[in-house]
Amino acid sequence: METEGSMSRPTITLTTDFGQADGYVGAMKGVMLRICPQAVLVDVTHAIPPQAVQQAAYVLSTAIPYFPPGAVHLAVVDPGVGSERRPIVVQTERAVYVAPDNGLLTMVLAREPVQMAVHLTEPSYRLSPVSDTFHGRDIFAPAAAHLASGIAPRKMGEEIAASELISLPLLMPVPKDDDTWLGQVLHLDSFGNIITSLACSLGRSGWTLDGVATAELGPRTWIEIGKHRVEGVHRTFAQVEPGAWIAYVGSSGYLEVGIRDGNAAAQLGAKVGYSVRIGW
Amino acid sequence: METEGSMSRPTITLTTDFGQADGYVGAMKGVMLRICPQAVLVDVTHAIPPQAVQQAAYVLSTAIPYFPPGAVHLAVVDPGVGSERRPIVVQTERAVYVAPDNGLLTMVLAREPVQMAVHLTEPSYRLSPVSDTFHGRDIFAPAAAHLASGIAPRKMGEEIAASELISLPLLMPVPKDDDTWLGQVLHLDSFGNIITSLACSLGRSGWTLDGVATAELGPRTWIEIGKHRVEGVHRTFAQVEPGAWIAYVGSSGYLEVGIRDGNAAAQLGAKVGYSVRIGW
Amino acid sequence: METEGSMSRPTITLTTDFGQADGYVGAMKGVMLRICPQAVLVDVTHAIPPQAVQQAAYVLSTAIPYFPPGAVHLAVVDPGVGSERRPIVVQTERAVYVAPDNGLLTMVLAREPVQMAVHLTEPSYRLSPVSDTFHGRDIFAPAAAHLASGIAPRKMGEEIAASELISLPLLMPVPKDDDTWLGQVLHLDSFGNIITSLACSLGRSGWTLDGVATAELGPRTWIEIGKHRVEGVHRTFAQVEPGAWIAYVGSSGYLEVGIRDGNAAAQLGAKVGYSVRIGW
């Protein structure tokens, strides 16, 4: 009678820097399946570089929008484990997030207003005892599974104002005197594509740079990473020859630089945080 | 009332070169769970080397035959994304495949006759808008999920003749004047075993080389990769000493070369495509 | 009517050294879903270093205790594949284990008395034919899936005495003349934390070293790995500065050495099996 769907088989996604060579992710999944046996567990990634909160915030924001409404998204990149940083649950109209309060949710919450944020303090929704080094297993995983089972966030601790949540600075383009703008490298993907912080929007007449309304992206645009300059913004890799450099707006709406059938990040030795300049 | 089985919980497998460090695979899984919440998603691998269509074709062919009949197999290794290459669905008696039409399915379709092939053109079975660089998320994942939900392939686009599908050349042994045959390195596995293109069959009197009916594999057989020669074909690693080289027919029916408790590929510096010679 | 739970959706976990770049794990999952379509398959890890039975025994022991009672745990690190080593199933009060009989279960069985052990010999619970190199697919995966479907272990082969199972030596601290104890490096995790064989227990007055009842861990304790000495045992990373060395009892109850926001294993060049000394 019951339709199998988001209620009967709630989805929990996982995004961590735990890697997959240890028992950490397995332990978290075991904890969740004990509390919520009907949950569908989906890995986003466990290969965030250790403690790279900003990169995790980006990767999370590229995958989360595609999941069913009502999913629970668990994200643990937690350099402050064992400190006073707060474990939190954040409810939005679309989803529920469980994470340390360290800015990890900045990019998803920039698009989804917070309906409620709760400091996870209620001991009955944790494992006991709680270890000093693995809150992913002892606090975050149990919270995610209880939420997936239907427990209301407000039962799990003390409500906190959305304005009190820790945010990372949003990386807007910085204008320079010479009509160029500065951004930075946000992420390097598995193909070696260099994802920049330069967010773009698709309008009637093509892509423009966010925050710079007049700045259309096209053949006259150039991008510089270090001393390397790529001329023109293309639509797709197939428009350039194998081995050629290309700038394009990636599938998450950020300007990217790549090499067709090659690894741009390795070729440039680019790293997250490197400066990027765009001009016309 | 309904038995839980392949109909109520359809299986979708994933084989890509996307790696697991980004949000790409997560986004695809999110898309699929929204369209088909009851689907069971199973990773074959996301660690195909970037754009290595031939290796993907091999890896796919080693795992797919073990899945339940009726499963949907999604494979995306897609150097031609954004070009005119066709996204396709291929129905066989055993399974349904979703992939770019670039030869990725060559090795599975060599064993399973095509019942129907369809060019995926129908917009209502894609995300909208379709990005220029991530058809895995916007075209292939939605198609796989709709198929898993029971949509018939013919509704998803225009039927195409099986003979029009792009195929990779099948790698048959090439005879040489001196009664030896040439093959090549097809794949290097995680253990460093070197999988060759030399396919074998188990007959009454033991293994023979496909296409060379008289060629029994045994103590008098030798294999050469570059200047390295391995004498004899054994049955199993346990027949040689730790550290010793061994040739054997692997679990997918291809001749392989390995080192017991060691890494043959690293030792030889072998690469995919290297020439392999077999003789008696 | 039926509650979705551990009976209707049995959990099977997987721990192997197969990596995730090949079709091996996919083939095993396909085999299991054909036999037991309702199974929930959960990866613990596939990144055990090749043939590292001891490390696998450790990683398994850190994840398994968190899974639902009644789960089936499949572990395949199998340097002896093709030899006379026995494939076994072991039933305890909490769970069912499927593995080669090579010591892989030593650390889990140290905590859970064996109720029954069976040598997996019954052909009807294997694939046919059984390959000589991939018992994971042909023997272990089918056994795990049949167990998850409710087949009793005793039907799957010949019962063997628990005392006949192969065990790895348990690594107890070795006392030295100068009131120090020796242990060894058990595992290096993805963060570069060095997990030692020195097991600890939490008592009323804090952590003590197992087997050395009087040995409380605190500010006067030191740990040496090679020539590197770390002073004091702390509770959590947040107690030291970023970049500082720290010794602490890890989330699995073993003494660990790490660097806050750094990679201790890389810094020391530590390897599994290295000697570790503890003193006061």
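Chain letters run A, B, ... following the sequence lines, proteins first, then strands; residues in each count from 1.
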Heavy-atom side-chain proximity of [X] to [Y] below 4.5 angstrom:
X      : Y      : value
A/R137 : C/S251 : yes
A/F18  : C/D189 : no
C/Y66  : A/L127 : yes

Contact winner vs chain C - A/C36, A/S83, A/S131, A/G26, heavy-atom pairs under 4.5 Å: A/G26
Contact winner vs chain C - A/V81, A/D138, A/V40, A/D17, heavy-atom pairs under 4.5 Å: A/D17
Residues of residues 43-65 of chain A contacting chain C, heavy-atom criterion under 4.5 Å, by residue number: A/P50, A/Q51
CA sep, side-chain torsions, deciding dist, call: A/D22, C/H187, side-chain hydrogen bond (donor to acceptor under 3.5 Å, both in side chains): CA-CA 9 Å; A/D22 305 300; C/H187 181 65; 2.5 Å; yes
Exam field: side chain C/R235 to backbone A/D132, donor-acceptor pair closer than 3.5 Å: no
Between OH on residue C/Y248 and OG1 on residue A/T133, distance to nearest 0.5 Å: 6.5 Å
Point-to-point distance, once rounded to the nearest 0.5 Å, from CG of A/L41 to CG of C/L41: 11.5 Å
Least distance between heavy atoms, C/P69 atom then A/R34 atom: CD-NE, 4.3 Å
Atom group of A/V31 that falls short of 4.5 Å from chain C, counting heavy atoms: both
